[in-house]
Amino acid sequence: MTASATDVLIVGAGAAGMMCAIEAGRRGRRVVVVDHAAAPGEKIRISGGGRCNFTNLGVGPHAFLGGNPRFATSALKRFSQHDFIKRVDAAGIAWHEKTLGQLFCDGSARQIIRMLTDDMAAAGVTLKLGTAVEAVEEGDGFRARLSDGSALTAASLVLATGGKSIPKMGATGWAYDTARRFGLAVTETRPALVPLTFEPGLLAQTALLSGLSVDAVVTHGRTRFREGLLFTHRGVSGPSILQISSYWREGEAITISMAPDVDAFETLRVARADNGRQAAATALGHVVPRRLGDAVLARLGVSGNLGDLSDKTLRALDQAINGWTLKPVGSEGYRTAEVTLGGIDTAGLDQKTMASRTRPNLYAIGEAVDVTGWLGGYNFQWAWSSGWAAGQAC
């Protein structure tokens, strides 16, 4: 089979792959981007409720996990959140800041995809969609056999197919398998930024809370996040839970404070002194939502009026509200995980170029790499930054 030739083959038309293609194309490189999906940037399209949380004003190494979180520093500094914002502004895309430095499009996430595809076209990049890479062989560069029956040789190969999260969108472990074949190590992978699930007994205690959300502080060891928490029919979700899920492991406990600004014991003690005939459920309803208060009372087996409750019982209620320690039984898995934790080991990559240290002209970028950010635009910024870095070198 006769193969056509190009300088750079990028597998994956997601955020990182398209950014890399733009930069390499602008350097005059012949670039082909291949993706088995029918459209580019599918994770971009669904992100942020369809508005794309495209970066975060607080991006820095502190917000990333991995075997070596500092690995991301070089790329993040050389192409920062402010650099990407300039591109968004230049494209005429209106945006706004929500909580905690998160930036979203005013309109559709498709605007970000259009910006990237327009920039790729302007840089002379060839985009082949609905096409899978069936095999890659080494030789004088790389030779790829594609699902459309064609073959392609390339001096450089960029692995940009992401991780295993959201398999219904076509996510696979292709990048990991290919990296291993070319001598790169892959760390343990698991779902991250994912809802946590309860065992049947605990779920029975919280079943009536499904759909209820509260402002919460969720703690695991020394790590804590304060954001919304949502009770679900399977356990808990919401931003605070998604954040802590990246640090949590099966068999470990987390602690939840569901009224972090309130001293529940003192509030209930004062209420008891003022009106001991007040029902405990009524008083607790001034601390947390009534439905949650009722569930806490039921779980502790507490009823009656405040005047009937001892300080010990009031402290137990305070602990149940602001020191609820529990062990989730698992997570909802890759089906709903926003990202994959772990991936291609950064020890085998150059932090400036994202190139393999042992296989010249092989690059890995974005979610495929063992660099995982917090919820809130951090993972997109890693995609832009790592794609940009590789695009300067491949």
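Checked options H96, Q111, R51; the residue passing with D106 is H96 (criterion: side-chain hydrogen bond (donor to acceptor under 3.5 Å, both in side chains)).
Nearest approach of S165 to E367, heavy atoms of both residues: OG-OE2, 3.0 Å.
Between the side chain of N56 and the backbone N or O of L100, at least one donor-acceptor pair lies under 3.5 Å.
Around atom CZ of R110, no more than 12 heavy atoms belonging to other residues, nucleotides or ligands sit under 6.0 Å away. Heavy-atom contacts from other residues, nucleotides or ligands closer than 6.0 Å to CG of L208 number 12 or fewer.
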If you apply the rule salt bridge (Lys or Arg N to Asp or Glu O under 4.0 Å), what do you find for R315 with D318, and how did you get there? CA-CA 5 Å; R315 290 190 186 280; D318 177 73; over 6 Å; no
Tell me, with the steps shown, if D7 and R27 meet salt bridge (Lys or Arg N to Asp or Glu O under 4.0 Å). CA-CA 11 Å; D7 296 320; R27 292 174 46 238; over 6 Å; no
Test salt bridge (Lys or Arg N to Asp or Glu O under 4.0 Å) on R249 and E252 and set out the steps. CA-CA 6 Å; R249 297 290 188 279; E252 296 178 343; 5.9 Å; no
Should F54 and V88 be marked as a side chain to side chain contact (heavy atoms under 4.5 Å, CB included) after you check the CA-CA gap, both sets of side-chain angles, and the distance that decides it? CA-CA 9 Å; F54 57 83; V88 172; 4.1 Å; yes
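A donor-acceptor pair shorter than 3.5 Å cannot be found between the side chains of T232 and S237. A donor atom on one side chain and an acceptor atom on the other are found under 3.5 Å apart for Q381 and T55. No side-chain donor from either of T223 and Q243 sits under 3.5 Å from a side-chain acceptor of the other. Side-chain contact of W374 with N379: a donor-acceptor pair under 3.5 Å is absent, judged by distance alone. Between the side chains of E134 and S147, no donor-acceptor pair of N or O atoms lies under 3.5 Å.
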